[in-house]
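First up is the structure itself, then whatever we jot down about it.
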Amino acid sequence: MIPSRKRKARITLAVLAAAVLVLSLLTAFGAIDFRKRPQAADAGTSVRFIDVGQGDCTLAFSEGHALLIDTGEYDDRDKVISYIKSLGITRLDCLILTHPHSDHIGEAADIIEAFEVDRLLIPNTDGEGYPYDRLKEAASEKGLALEDPRGAGFDVGGLTVTVFLPEELPEDLNDCSAVVRLTHGENGFLVTGDCGIKEEKQLLAQGAELSADVLKAGHHGSSGACSEPFLEAVKPRFAVISCGAANDYGHPHEQTLMRLKAFTDKIYTTRDSGTVTFVSDGKELTVYTEKDQ
Ligand SMILES: [Zn+2]
């Protein structure tokens with residue numbers, strides 16, 4: 001029997017109503033949460049501070065282009081790669097490694113193997129140990145040069161990327177961190193690696209433009225970073241601290257939280273909030289957290 005037009009319409013309506021009901025139930029019971037996990041393609045321009053425990057990993061995405069800043073420890077290898085892939089990203093315009101400590105470059109070799117990477121930026125200083133040696137090997141196999149990011153400036157989709165480094169690199173690798181400023185319209189982000197007070201002073205003396213709405217606090221919220229003059233130059237409206245639960249260093253330190261609180265009460269830690277995502281429309285910023293803080 002061929003169904004009549006009316007019968008067909010009724011069936012279509014019933015199927016639609018059932019689909020809406022199932023989606024509403026899944027959303028109500030938390031099985032699907034549209035608020036907490038915007039997909040890359042839907043999100044326009046976004047900056048995500050990925051929860052990698054005690055380490056750093058920041059993914060910026062804009063108009064089909066992606067930039068990754070640091071990769072977390074090598075223990076997190078599957079998590080970061082699968083997270084980025086789950087957003088539909090297969091190619092990175094650029095991978096910036098702020099400095100060659102394993103909680104920042106741990107997964108770099110695996111990232112280079114798993115994705116098409118157009119450029120690799122890392123300060124011109126010697127790293128040490130297993131993750132650094134593996135990174136150099138993986139880069140050489142892919143014919144990828146290790147470029148010094150000093151003074152780098154380029155666009156990733158609608159994001160403008162500027163990199164700052166001290167004129168003279170100090171001995172402490174933390175203070176050799178590439179400090180990355182991202183701007184999208186009126187919104188600014190500052191991603192500082194493990195930059196400490198010594199490097200902050202040098203960048204201020206160099207007259208680096210550091211103002212930003214969102215600050216990824218230096219060195220996992222250590223008291224040796226986020227000095228008052230530095231925060232005064234940044235004037236953050238939001239702060240993100242990337243640190244693991246019960247880490248050996250007691251990060252974030254209370255003194256840092258107090259200094260940040262003088263500027264903003266919107267302080268997120270990846271320890272409590274999981275991955276923290278900022279979506280920018282060029283004027284407003286919307287924040288999504290993986291977990292309720
Ligand atoms: Zn670190």
Side-chain angles (χ1 to χ4, degrees), residues 47-60 67-77 79-80 83 95-111 120-135 149 163-166 169-181 189-200 202-203 214-227 230 234 239-257 259-260 267-276:
V47 177
R48 293 158 196 264
F49 299 93
I50 302 174
D51 177 16
V52 290
Q54 187 69 11
D56 266 15
C57 187
T58 306
L59 175 69
L67 160 73
L68 189 68
I69 306 168
D70 288 338
T71 68
E73 264 292 359
Y74 55 82
D75 290 345
D76 301 305
R77 104 181 25 166
K79 190 182 164 187
V80 172
Y83 178 81
L95 170 60
I96 301 179
L97 300 169
T98 58
H99 65 296
H101 274 156
S102 67
D103 57 325
H104 297 256
I105 64 162
E107 207 179 336
D110 301 282
I111 299 268
L120 171 61
L121 271 55
I122 181 168
N124 193 11
T125 175
D126 275 339
E128 53 207 25
Y130 172 75
Y132 188 65
D133 294 341
R134 271 202 67 214
L135 157 69
V163 185
F164 303 108
L165 269 172
L169 289 182
E171 262 185 40
D172 184 340
L173 278 183
N174 287 337
D175 282 325
C176 299
S177 288
V179 169
V180 186
R181 185 167 182 262
F189 302 83
L190 197 69
V191 184
T192 56
D194 282 352
C195 168
I197 290 172
K198 192 171 179 187
E199 181 179 354
E200 291 175 0
Q202 285 174 283
L203 296 182
V214 182
L215 170 67
K216 197 240 28 116
H219 201 190
H220 319 284
S222 155
S223 59
C226 293
S227 62
F230 184 76
V234 179
V240 178
I241 296 171
S242 191
C243 65
N247 61 74
D248 294 343
Y249 313 96
H251 294 152
H253 291 155
E254 197 51 41
Q255 303 95 302
T256 314
L257 292 172
R259 291 199 291 268
L260 285 168
I267 302 171
Y268 300 90
T269 66
T270 54
R271 176 195 64 192
D272 296 333
S273 295
T275 295
V276 184

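Indexing begins at 1, ligand by ligand and atom by atom, following the structure's order.
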* Structure fact -> Tested for side chain to side chain contact (heavy atoms under 4.5 Å, CB included) against Cys226, the lone hit among Leu215, Val234, Ile241, Leu257 is Leu215
* **Test side chain to side chain contact (heavy atoms under 4.5 Å, CB included) applied to Pro131 and Asp110, Ile105, Asp103, the passing residue** => Ile105
* To do: Would you kindly say whether Tyr83 and Arg48 are connected by a side-chain donor-acceptor distance under 3.5 Å?
  => yes
So, 2.8 Å as the limit: is an N/O/S atom of [X] located closer than that to the Zn ion (ligand 1)?
| X | value |
| --- | --- |
| Asp56 | no |
| His220 | yes |
| His101 | no |

Shortest-distance N, O or S atom of [X] relative to the Zn ion (ligand 1):
| X | result |
| --- | --- |
| Asp103 | OD2 |
| His104 | NE2 |
| Asp194 | OD2 |

* **Basic-acidic side-chain contact under 4.0 Å: Asp172, Lys198** => no
* For the residue pair Tyr268 and Phe49, is the inter-centroid distance of their aromatic rings smaller than 6.0 Å? -> no
